[in-house]
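Here the structure is laid out as structure tokens; the discussion comes afterwards.
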Number of protein chains: 2
Amino acid sequence: MYACTFGVLARRERGLIRKKVAELAGVSEATVSRVLSGVGTVKEETARRVMEAARQLNYVPSALAQRFALRRSGNLGVILPMLPKVNLFSTYYFSEVLSGIGMTAKQRGYDLLLLFREPDEPRDYANLFRTQKVDGCIIIGAQDVPSERAALAELREGNHPFCLVNQRYDGEDYNSVDADQRTGCREAVRHLLAQGCRKIGFLNGPAVYSNSKDRLRGYREALEEAWLAFLPERVLLGNYSRTSGYQQAKAVAALVQAGHIDAIIAANDRMAIGLLQGLKESGVKVGEDVALIGCDDSDIVRMTDPPLTSIRVPFFDIGSEAASRLLDAVADQDGSAAFDVKLPVKLITRASSSAAGTTKA
Amino acid sequence: MYACTFGVLARRERGLIRKKVAELAGVSEATVSRVLSGVGTVKEETARRVMEAARQLNYVPSALAQRFALRRSGNLGVILPMLPKVNLFSTYYFSEVLSGIGMTAKQRGYDLLLLFREPDEPRDYANLFRTQKVDGCIIIGAQDVPSERAALAELREGNHPFCLVNQRYDGEDYNSVDADQRTGCREAVRHLLAQGCRKIGFLNGPAVYSNSKDRLRGYREALEEAWLAFLPERVLLGNYSRTSGYQQAKAVAALVQAGHIDAIIAANDRMAIGLLQGLKESGVKVGEDVALIGCDDSDIVRMTDPPLTSIRVPFFDIGSEAASRLLDAVADQDGSAAFDVKLPVKLITRASSSAAGTTKA
DNA sequence: ACCCCAAATGTACACGCGTACATTCTCTCA
DNA sequence: TGAGAGAATGTACGCGTGTACATTTGGGGT
């Protein structure tokens, strides 16, 4: 019955309710506002009366009106590429990052506004701020292409707080939170060297993602550190999809059979899995004929045969950290310095990274 | 330079801009509003002048103020369980449904407000509407437990538009969009029967999810349709996680080796994969000693060895349909009838569902 | 008893839009 | 040419908050 009454009120008498609460508590509307928003000084006894009156009349302030009055949307925008069917990135990646962002945003009283960016769509991020839909935004899956650079430059111009996840741009010091892929790949190489491998290949992703370059750099550094040559013919290119890994399997199998490669690192797990499948079909045994290491340590690597050694990336923490830092910047607005966080990764070794008879034979 | 000027304006002179646009175009603010919102009659020539003035002054109406004035948040809420680390559902599931919702919402001019529900948190969905944060909401991963029922009843009482995804409640005719799991399982059983299997087991998920019951029902119906007995000892219980499938593998292996089972259907792919791994360790060969069918046809089933036969569920379409129907209801408010959509599923056969030497031996 | 200051509360209004209603313009038809 | 009707536009205000400023209250020190 109360609920029903309220249903009607909700539609036409939103504003009048506050007045009624004020009357019932014997105070002015301003005091009601002060009590419910927790701002300003108010006698404890009065506060109790107001709370009780509000409870009794089932009054809750309208977030819509509050945000309008405060000129803050209270929303944290999250921009991510639309990813139906085509799983360019792994869904694991997105759901972890998103969860991290969501948890932190919630703790700090922000709502999450999800914004899917379609591939061909013009990237007008600044408009989100102009229309006051968000107070800050996190951009996932950004690429180093002119249109993206332009969109980000516009954000910078407008002094709109934003943060990149797993991406950075040469020459720009945009806020970003990333994994230390470079160190991760370096350690992957070191691990393979320790296993006795000497001819290590690398299956990378597109260079529009800065972490592709980071990984390659780590790979190269670790080789040079061990006085081994960096050979371009051992570096292959995929697009982070399973299919692209599968397609490169023939080439890799040929290299293995010719004795040109005894190990390979794939820049993400999906490509590693495609590779694994393709190699299996070509009769190359991963973990025996060749060692294989993936990247991300997504949940699927435990399900393959053999299980995949992989570089664990703290995606949840990346999301959480990005949201936290960004919301600091939103609160501080001008006073806060730019940040560029790199979170540590960790190599998780499993059966796939045994090489050339090291284990089984 | 303009951008910088605007940066300042954005903070203090939001409202004054519209006045300037009006002056520049030689009209009143009301006309500016009419032109930009596309409501009311305006001479074409005037409209052009206003558009040009707005462009020149870089004016865009504040969505915040618009929504406040219209008393509509413009947001479609999506409630989903927080899923970091523990992948109770597959991330594939969520990302597909979410993408479907997102695409439709975008087409219809709504924004997506993402709301993570933490396990222990009280479910107060109605408050989202009271505070006017959303105009409607979609609930994913709802369970048939008292607290959830109470929260939904409150929504109903308040006449708030909402829609369930993949869940329904006996005795309530809430809006819902679901997959036809019952038919799907029936066809899975039929397929196994056609393969020559006669002793078909079933690994189900918790009964708090209505689709668990639907699947079991389809399984049972197909057996009875073939004049085969429904044997409770062939029905096992997991919790939709890979681990739970893995844990049941020993029991299943025993059943297989004792000749009590020649096929098994798992209620989702994750459990099927856990099962597959466990059976492999127990020396039971899937696709030879026992047929295995999963459910969801998520992207991982193509990566296992052998590839998994699975029931394809159109998750993207489910999300899309839910959003579409719900937004209709939001627009129509009282005039719209409740809906209860069931989308068709499709059995995708792969190597895992060959049984007892039907193929290989 | 008086004053002063801080705490507590009330009054009044801005926030930026949409729109009901009033007004002016324009064109047609008598 | 005038009137009438509909299109085009202007005027004025409400939407539900937060808060600056004014006012009242209460208590301690002289």
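The chains referred to below are lettered A, B, ... by the order of the sequence lines, with proteins before strands, and numbering in each begins at 1.
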Checklist entry - Think B/Thr31 has a side-chain N or O under 4.0 angstrom from the OP1 or OP2 of D/dT9? => result no
Checklist entry - Among D/dT17, D/dC15, C/dC17, which is the nearest nucleotide to the side chain of A/Ala69? => result D/dT17
Checklist entry - Can you check the A/Glu29 CD to D/dC15 P distance for me, whole Å? => result 11 Å
Next on the checklist: Within the 4.0 Å heavy-atom criterion, would you say A/Ser33 contacts the bases, only the backbone, or no part of the nucleic acid?
Outcome noted: base
Checklist outcome for this item: Here the distance between atom C1' of D/dA12 and atom CZ of B/Arg18, to the nearest Å, is 12 Å
Next on the checklist: Using a heavy-atom cut-off of 4.0 Å across all strands, would you classify B/Arg34 as base, sugar-phosphate, or nothing?
Outcome noted: base
Next on the checklist: Can you tell me how far apart OG1 (A/Thr31) and CD (A/Glu29) are? Round to the nearest 0.5 Å.
Outcome noted: 10.0 Å
Item to check | N/O (side chain, B/Gln66) to phosphate O (OP1/OP2, C/dG18) under 4.0 Å | outcome: yes
Checklist entry - So what does A/Ser62 touch, heavy atoms closer than 4.0 Å: a base, only the sugar-phosphate, or nothing? => result sugar-phosphate
Checklist entry - In whole angstrom, what separates A/Glu45's CD from C/dT9's C1'? => result 14 Å
Checklist entry - Between D/dT9, C/dG18, D/dT17, which nucleotide has the shortest distance from any of its atoms to the side chain of B/Leu70? => result C/dG18
Next on the checklist: Between B/Val27 and A/Ala65, which residue's closest nucleotide on DNA chain D lies nearer the 5′ terminus?
Outcome noted: B/Val27
Item to check | A/Tyr174 ring center within less than 6.0 Å of A/Phe162 ring center | outcome: yes
Checklist entry - CD1 of B/Ile17 versus P of C/dC17: gap in Å, rounded? => result 8 Å
Next on the checklist: Side chain of A/Thr41, heavy atoms from C-beta onward: which of D/dT11, D/dA8, C/dA7 has the nearest atom to it?
Outcome noted: C/dA7
Checklist entry - Which whole-number value in Å describes the distance from B/Leu64 CG to D/dG18 P? => result 13 Å
Checklist entry - Can you tell me how far C1' of C/dT19 sits from CZ of B/Arg72, to the nearest Å? => result 15 Å
Next on the checklist: Can you work out whether A/Glu44 or A/Ala30 has the more 5'-proximal nearest nucleotide on DNA chain C?
Outcome noted: A/Glu44
Next on the checklist: Just the rounded figure in Å: distance from P of C/dG16 to NZ of B/Lys20.
Outcome noted: 13 Å
Item to check | Rounded interatomic separation in angstrom, taking CZ from B/Phe68 and P from D/dC13 | outcome: 17 Å
Next on the checklist: Any carboxylate oxygen within less than 4.0 angstrom of a Lys/Arg side-chain nitrogen, looking at A/Asp173 and A/Arg156?
Outcome noted: yes
Checklist entry - Do B/Tyr93 and B/Val97 come within less than 4.5 Å of each other through their side chains, counting heavy atoms only? => result yes
Checklist entry - Ion pair present between A/Glu121 and B/Lys106, side-chain N to carboxylate O less than 4.0 angstrom? => result yes
